[in-house]
Protein chains: 2
Amino acid sequence: MAERPIGDRRRIPEATVARLPLYYRALLETGEMGITTVSSERLAELAGVNAAKVRKDLSYLGSYGTRGVGYDAEYLLHQIARELGLSQDWPVVIVGAGNLGQALANYRGFGARGFRVVAVLDADPEKLGVEVAGLAVEAFTDLARIIESRKVTIGIIATPGHAAQEVADALVAAGVGSILNFAPTLITVPPEVSMRKVDLATELQILSFYQLRRALLDQPRAAR
Amino acid sequence: MAERPIGDRRRIPEATVARLPLYYRALLETGEMGITTVSSERLAELAGVNAAKVRKDLSYLGSYGTRGVGYDAEYLLHQIARELGLSQDWPVVIVGAGNLGQALANYRGFGARGFRVVAVLDADPEKLGVEVAGLAVEAFTDLARIIESRKVTIGIIATPGHAAQEVADALVAAGVGSILNFAPTLITVPPEVSMRKVDLATELQILSFYQLRRALLDQPRAAR
DNA sequence: CAGACTTTGTGAGTGCGTGCACAAGGTGGA
DNA sequence: TCCACCTTGTGCACGCACTCACAAAGTCTG
């Protein structure tokens with residue numbers, strides 16, 4: 001049951017990485033309920049996936065289960081946190097103090113697990129100094145200074161689409177390694193920077209696609 | 001170049017459906033620039049994907065390109081919109097009038113393409129009547145009535161995690177066919193209902209995973 | 001009108017992710 | 001100590017999606 005060093009075991013598939021947070025959350029819940037041991041079956045149910053997948057996913061982290069028993073919830077939680085880097089502190093900067101930026105800054109659950117919003121920036125002088133989630137909005141022109149001095153590693157883009165690429169470039173130039181983009185635009189970053197996007201319009205359009213199909217099944221008139 | 005009826009051609013892969021909104025957006029941009037014809041190469045660049053993928057994706061919709069020339073931007077735009085159901089009007093209800101719910105309600109780009117927020121609901125009596133994006137916040141208890149009378153097809157959950165499943169159940173019971181969940185919890189819905197989730201904590205944790213790996217590459221100390 | 005050129009549409013090969021099914025391994029009771 | 005039982009960890013087969021590479025099909029030029 002020895003801990004394995006991070007990184008030097010076989011590569012963890014992307015799909016697995018994307019599920020680890022689900023297990024993490026599920027384990028937090030079981031912890032609150034005082035459960036000390038979980039089976040892959042139970043964990044699968046809580047995370048909404050297949051039990052075999054849970055086992056395979058967890059096996060990438062190491063052999064942390066006990067056959068015939070299950071996984072020690074607390075220990076497994078610790079291992080996943082370690083793997084995800086949640087035992088560390090990740091300073092986050094939010095660029096864009098509009099509705100979305102403010103909502104994100106106020107979002108609980110950021111600070112909770114290692115992610116700490118250390119600055120909210122905006123290019124609009126009107127917004128400067130406005131208090132958002134206990135922080136005064138700062139100038140976008142101070143980006144580089146802020147990122148360096150506060151050791152920011154993650155940047156969140158919550159600007160209108162037309163500003164997103166410029167912001168991304170500035171974040172990358174300032175040394176940020178990860179970007180979460182909420183702007184409805186394609187942004188490109190160098191390969192050594194991680195980028196993920198959250199796109200409301202896209203999500204709705206996907207839903208609309210399937211909704212349309214169902215509607216057509218109910219009353220199969222000629223489309224349009 | 002005949003239009004094909006929606007639905008009765010070979011099944012469109014999920015991955016393709018998820019990319020159609022990207023092409024749609026790219027085509028809107030080219031349209032604004034006055035470009036009338038686009039090649040798969042160009043479209044690929046704008047959407048940030050591979051050109052062969054673009055062609056294969058579009059081929060699921062029909063043969064709407066011209067060899068040696070490319071795709072007629074406007075016509076293709078129309079076809080994608082039709083396929084995604086964007087020529088229709090999709091009334092949307094947002095449940096949860098907190099920071100996130102308000103930000104979502106104010107988000108431009110919803111109304112833009114067929115998605116219209118027709119109600120913002122909240123269970124907290126304090127929030128009743130507060131104006132959000134031009135709408136007065138209504139009571140969660142009125143959900144069923146509102147959904148039926150306003151023909152709502154899509155529900156957005158922007159509540160705290162502990163309320164999410166209850167809200168989802170209510171939405172489903174009221175006849176909503178698609179749900180977009182922003183709450184950081186697993187919710188389960190019947191198979192005939194489409195559900196997608198947007199999870200900030202998960203996204204950050206995924207970024208943190210890769211950030212950690214990069215940090216360890218730079219200074220390979222023992223982990224932790 | 002013919003031939004060079006451009007770009008689509010798709011067949012085929014490959015790799016990743018999923019899920020089944022089972023052997024391996026550990027527990028607890030008799 | 002042995003046996004029945006339980007749950008993990010994984011080998012294997014399958015399917016989906018991605019990419020390459022090229023034939024098909026249209027345009028343009030001389």
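Just so it is clear: chains get the letters A, B, ... in the order the sequence lines come, proteins before strands, and each one is counted from 1.
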Rounded to whole Å, the CG-P distance (B:L43 to C:dG9) equals 12 Å
In whole angstroms, the gap separating C1' of C:dG17 from CZ of A:R11 amounts to 11 Å
Answer with base, sugar-phosphate or nothing: what part of the nucleic acid does B:R19 contact at a heavy-atom distance below 4.0 Å? sugar-phosphate
Checklist entry - Going by heavy atoms in the side chains, are A:L28 and A:L77 under 4.5 Å from each other? => result yes
Which of B:L58, B:L27, B:T37 passes side-chain contact (heavy atoms from CB on, under 4.5 Å) with B:Y71? Answer is B:L58
What nucleic acid atoms does B:E14 come within less than 4.0 Å of, heavy atoms only: base, sugar-phosphate, or nothing? sugar-phosphate
Check whether any side-chain N or O of B:S40 sits under 4.0 Å from OP1 or OP2 of C:dT7, and answer yes or no.
no
Note to self: One pair to check against salt bridge (charged side-chain N to carboxylate O under 4.0 Å, His left out): B:R213 and A:E83. What are the steps and the verdict?
What the structure shows: CA-CA 9 Å; B:R213 300 295 155 126; A:E83 203 77 27; 2.5 Å; yes
Here the distance between atom C1' of C:dG25 and atom OH of A:Y64, to the nearest Å, is 19 Å
Between OH of B:Y23 and C1' of C:dT8 the distance, given in whole Å, is 14 Å
What residues 45-52 of chain B contributes to the DNA chain D interface at heavy-atom separation below 4.0 Å is B:N50, B:A52
Query raised in the report: A:V49 versus A:D57: any side-chain heavy-atom pair under 4.5 Å?
Result: no
Separation of C:dT7 atom P from B:Y71 atom OH, nearest Å, is 12 Å
- Query: Would one find a side-chain N or O of A:S39 under 4.0 angstrom from OP1 or OP2 of D:dT7?
  - Reply: no
Rounded to whole Å, the CG-P distance (B:L58 to D:dA17) equals 16 Å
Against the side chain of A:K53, the closest entry in C:dT18, D:dA17, D:dC18 is C:dT18
To the nearest angstrom, the OH-P distance between B:Y60 and C:dT10 comes to 10 Å
Is the shortest side-chain heavy-atom distance between B:Y107 and B:V117 below 4.5 Å?
no
Please tabulate the protein-to-nucleotide N/O contacts below 3.5 Å involving nucleotides 22-30 of chain D, giving atom names and distances.
unit_1: D:dA24; atom_1: N3; unit_2: B:R67; atom_2: NH1; d: 2.6

Atom NZ of A:K56 and atom C1' of C:dA21 are separated, to the nearest Å, by 11 Å
